[in-house]
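Written out below as structure tokens is the structure these notes cover.
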Protein chains: 2
Amino acid sequence: MKHSLVAVEPNGHICSDCSVRKFSVCASLDANEVRDFEHLGRHVAFAPCETIFSEEELTSSFYNVLDGVMRLYKLLPDGRRQIVGFALPGDFLGMNISGRHNFSADAIGPVIVCQFPKAAFARFIEEKPHLLRRINELAIRELSQARDHMVLLGRRSAEEKVATFLLCWRERLILLYGPSNTVPLPMSRQDIADFLGLTIETVSRTFTKLERDRIIEIIPGGISFLDLARAEALAAA
Amino acid sequence: MKHSLVAVEPNGHICSDCSVRKFSVCASLDANEVRDFEHLGRHVAFAPCETIFSEEELTSSFYNVLDGVMRLYKLLPDGRRQIVGFALPGDFLGMNISGRHNFSADAIGPVIVCQFPKAAFARFIEEKPHLLRRINELAIRELSQARDHMVLLGRRSAEEKVATFLLCWRERLILLYGPSNTVPLPMSRQDIADFLGLTIETVSRTFTKLERDRIIEIIPGGISFLDLARAEALAAA
DNA sequence: GATGGCAGTTGACTCAGATCAAACGGGGCG
DNA sequence: CGCCCCGTTTGATCTGAGTCAACTGCCATC
């Protein structure tokens, strides 16, 4: 846990140039609104493994991921961990009704976020129903993903879980960075295990099995798909 | 699967008298808006085991549960089922972004819903940001519950799952009907199993074990808590 | 008050994935 | 270069929950 590198660009950023704008909440804002919006958020960088916010902590800000990957997780009192998602550029974090975060978030690699003070953001949204609609849309999309993940956790085998994870992760990266059969995996095996409800050993063995079956190739920092069709068959089944 | 009993009250209902109003989306509407809202929805009754809507079906309506219990579930192609939630009076169903339902819903016992044609509802919401805010609030609450359920599915033992389920179900019923240590369970053992990512046999055995340990008592159509503190200890651990 | 059916329970056995333990391997550093 | 560290892989064994099968008990129907 290194210390944070605060405020990389002390309000010198320009939202209209922002690379994740079209994926993000801000997609719903027009040119004038974006200008106002700019004064609201500021860019903050986090070092690998740094915590952006913790479960049960009072929510003081919302976050828009600009660059990097985060793991979002919940801990049981005895230390068991369930990763409830990975956040990528464009993801919007921090909404809740209790006033406290309901999961923790930390940076996997270096991360840059656009941070909005909660109160100012709430005020800004007040008169912008289209922004609210956009946030609602994102929440509903996440809800749908959460339900899909419940099916995976409750009813799928280890091999199905891993295949599904790799394919879904690939899809997300394609949306952001364009098509490729090579899939970087910035998170550790332990992270993948805690996301899929498995142990690290099972994840590792399953990777090896998929490679032995010539479905994937394990490369440093990721995998490469050799046979997408068979991977999809495993995931669908 | 019996045939449906349509439109119990062909628009003779009065929203201002509605028993679930304070729990529901409609809580955000003022007296005038409720009057307009009345013309939008109509009450529809469903017989036990009837399907309200199916996954992948085009969304033509939204639903507000007025009475009864529904199971919300997703099926894998080979028939494995994951119940993603149970809907109780006050729950609002049908929101999605794809235009298709992303899970199926059927009645467990007799169910009455308030059904809103999608288009009319969308038009109504257009100029009512507070209603949108209320819907967003409900979505965020559900998202939080979904994440809690992921932890349960991915990281908890059978006994912890069952104890947690019974306690959570009790909490929901208390909110609606007031405190009681007796907890009706209208859903079948199979439903509970498919909700918790277990088999029916494991659910049954775990119930028996909890009863043998004098934590619960199994009664027809439900259970009764004998030792809430120990149940909570099991669920928390 | 027999009969059939279905939800739930119980028992015996199996197995997928967990646990425990050891080995591997690549990158950083003295 | 050699050593260590740590994330990962592999192997051996164990076990919690799944599977398969039989049984119970409660209605519903005749």
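Chain letters run A, B, ... following the sequence lines, proteins first and then strands; every chain starts at 1. Keep in mind that this is a model prediction, so the values were computed, not measured.
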Worksheet item: How is B/G221 classified with respect to the nucleic acid when contacts are heavy atoms under 4.0 Å: base, sugar-phosphate, or nothing?
Response: nothing
Practice prompt. May I ask you to verify whether the side chain of B/R205 and the base of C/dG11 hold a donor-acceptor pair under 3.5 Å?
Written response: yes
Worksheet entry | A/L185 CG - D/dT9 P separation (whole Å) | 11 Å
Discussion item. Rounded to whole Å, how long is the line connecting atom CD1 of A/I200 with atom C1' of D/dT10?
Written reply: 13 Å
Fill in: Integer-rounded Å distance: D/dA17 P and B/L152 CG
12 Å
Discussion item. Among D/dT9, C/dT10, C/dG17, which nucleotide has an atom closest to any side-chain atom of A/S157?
Written reply: C/dG17
Fill in: Check ion pair B/R189-B/D194 (N to O, under 4.0 angstrom)
no
Worksheet item: Of A/R155 and A/Q190, whose closest DNA chain D nucleotide lies nearer the 5' terminus?
Response: A/Q190
Item to complete: Quickly work out the B/R80 CZ to D/dG18 P distance and round it to whole Å.
Response: 13 Å
Discussion item. Rounding to an integer number of Å, can you tell me how far B/I192 CD1 sits from C/dT9 P?
Written reply: 9 Å
Worksheet, complete the sentence: Between CD of A/E211 and P of D/dT8 the distance, given in whole Å, is 15 Å
Fill in: Ring centres under 6.0 angstrom apart (A/F86, A/F195)
yes
Worksheet item: Going by an N to O cut-off under 4.0 Å, is there a salt bridge joining B/R172 and B/D91?
Response: yes
Worksheet item: Should A/R189 be listed as having a side-chain N or O under 4.0 Å from OP1 or OP2 of D/dT9?
Response: yes
Worksheet item: C/dA16 phosphate, OP1 or OP2: any side-chain N/O from A/T202 under 4.0 angstrom?
Response: no
Worksheet item: Of the nucleotides D/dA17, C/dA18, D/dC20, which one has an atom closest to the side chain of B/E201?
Response: D/dC20
Worksheet item: So which nucleotide from D/dT8, C/dT9, C/dT19 ends up closest to the side chain of B/I218?
Response: C/dT9
Worksheet item: Are the side chain of B/K74 and the backbone of B/E55 linked by a donor-acceptor contact shorter than 3.5 Å?
Response: no
Discussion item. Heavy atoms only, 4.0 Å cut-off, all strands: where does A/T208 land among base, sugar-phosphate and nothing?
Written reply: sugar-phosphate
Worksheet item: With a 4.5 Å limit on heavy-atom distance, are the side chains of A/T59 and A/F53 in contact?
Response: no
Worksheet item: Nearest-Å distance, CE (A/M187) to P (D/dG7)?
Response: 16 Å
Discussion item. Under 4.0 Å, counting only non-hydrogen atoms across every strand here, what does A/S188 touch: a base, just sugar-phosphate, or nothing?
Written reply: sugar-phosphate
Worksheet item: Can you tell me how far C1' of C/dG8 sits from CD1 of B/I223, to the nearest Å?
Response: 16 Å
